[in-house]
Q: 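Take a look at the following structure, please.
Note that this is a predicted model, so its numbers are computed, not measured. All values below come from the heavy atoms of this structure, side chains included, with hydrogens, waters and symmetry mates left out.
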Amino acid sequence: MTPIEKAKQQVEQAKARYQALLARQNAEERKMDTRRKVILGGLLIDAAGKDERFGRVIDELMKRITRDHDHKAFEGWQKPEPDQP
């Protein structure tokens, strides 16, 4: 193998390592984004059970759902109602 061929092979390997690292970083970012959404959603649902203002927020957010697939996720689901004193 000539020095140029060896250098070319090293460049290709470095590119592959870079792409793998980039893909791993993107996957981690998506994972953290999903985790944040789940946590915030849980907090919102919990807050709706304690304060009617958050229930109204859920109502408004539900109106923004446009995809049928997303609507199906909420079939039969009822938001929690605040406890009455």
Side-chain angles (χ1 to χ4, degrees):
M1 181 178 289
T2 68
I4 291 178
E5 291 171 331
K6 186 175 181 179
K8 185 177 180 178
Q9 182 183 23
Q10 289 173 337
V11 166
E12 293 301 319
Q13 289 172 342
K15 284 181 184 179
R17 284 192 307 273
Y18 170 73
Q19 290 298 324
L21 287 170
L22 197 58
R24 193 173 313 131
Q25 179 183 357
N26 290 339
E28 285 297 317
E29 288 174 3
R30 285 190 309 273
K31 184 178 175 182
M32 286 304 293
D33 185 54
T34 299
R35 180 169 166 74
R36 285 185 208 103
K37 290 174 183 176
V38 168
I39 291 169
L40 284 173
L43 289 169
L44 177 60
I45 290 169
D46 182 62
K50 297 173 182 169
D51 187 330
E52 67 183 50
R53 293 176 301 161
F54 293 102
R56 289 192 301 268
V57 169
I58 289 176
D59 291 338
E60 288 301 316
L61 292 173
M62 296 289 286
K63 292 176 187 175
R64 294 182 180 200
I65 297 174
T66 58
R67 298 185 313 178
D68 289 338
H69 182 74
D70 294 338
H71 275 285
K72 288 180 182 177
F74 290 95
E75 286 180 4
W77 180 79
Q78 292 184 340
K79 72 174 191 248
E81 295 297 329
D83 298 329
Q84 299 298 323

Q: Is it the case that more than 12 heavy atoms not belonging to I4 sit under 6.0 Å from its CD1 atom?
A: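 Atom CD1 in I4 is not packed in, count stays at 12 or less.
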Q: If you measure from the Lys or Arg side-chain nitrogens to the Asp or Glu carboxylate oxygens, is any gap between E52 and R56 under 4.0 Å?
A: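 Yes, charged N to carboxylate O under 4.0 Å.
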Q: Can you give me the closest heavy-atom contact between I58 and A48, atom names plus distance?
A: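 What the structure gives for the nearest pair is CD1-CB, 3.5 Å.
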Q: Whether the E29 and Q25 side chains hold a donor-acceptor pair (N or O, under 3.5 Å, no angle test) is what I'd like checked.
A: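 Yes - a donor-acceptor pair under 3.5 Å links their side chains.
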Q: Between E5 (side chain only) and T2 (backbone N and O only), is there a donor and an acceptor less than 3.5 Å apart?
A: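 Such a contact is found between E5 side chain and T2 backbone.
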Q: About how many Å separate CG of N26 and CG of D33, when rounded to the nearest 0.5 Å?
A: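 With rounding to 0.5 Å, CG (D33) is 12.0 Å from CG (N26).
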Q: In plain terms, say whether D68 and K72 are close enough for a salt bridge, that is, a side-chain N and a carboxylate O under 4.0 Å apart.
A: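 Salt bridge absent between D68 and K72.
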Q: Where do H71 and I65 come nearest, in terms of heavy atoms and distance?
A: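 The pair with the smallest heavy-atom distance is NE2-O, 2.9 Å.
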Q: Under the side chain to side chain contact (heavy atoms under 4.5 Å, CB included) criterion, do Q9 and Q13 qualify, and how do the steps go?
A: CA-CA 6 Å; Q9 182 183 23; Q13 289 172 342; 3.8 Å; yes
Q: Could you give the distance from CE (M32) to CD1 (I39), rounded to the nearest 0.5 Å?
A: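 Answer rounded to 0.5 Å: 7.5 Å.
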Q: From L61 CG over to K63 NZ, what is the distance, rounded to the nearest 0.5 angstrom?
A: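 Going from CG on L61 over to NZ on K63, the span is 10.5 Å.
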Q: Going from CZ on F54 to CG on L43, what distance comes out if it is rounded to the nearest 0.5 angstrom?
A: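 Going from the CZ atom of F54 to the CG atom of L43 covers 9.5 Å.
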Q: Distance check, rounded to the nearest 0.5 Å: Q10 atom CD versus R17 atom CZ?
A: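 So the CD of Q10 and the CZ of R17 are separated by 8.5 Å.
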Q: Please name the pair of heavy atoms, one in K6 and one in M1, separated by the smallest distance, quoted to 0.1 Å.
A: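 Minimum heavy-atom contact is CA-SD, 3.5 Å.
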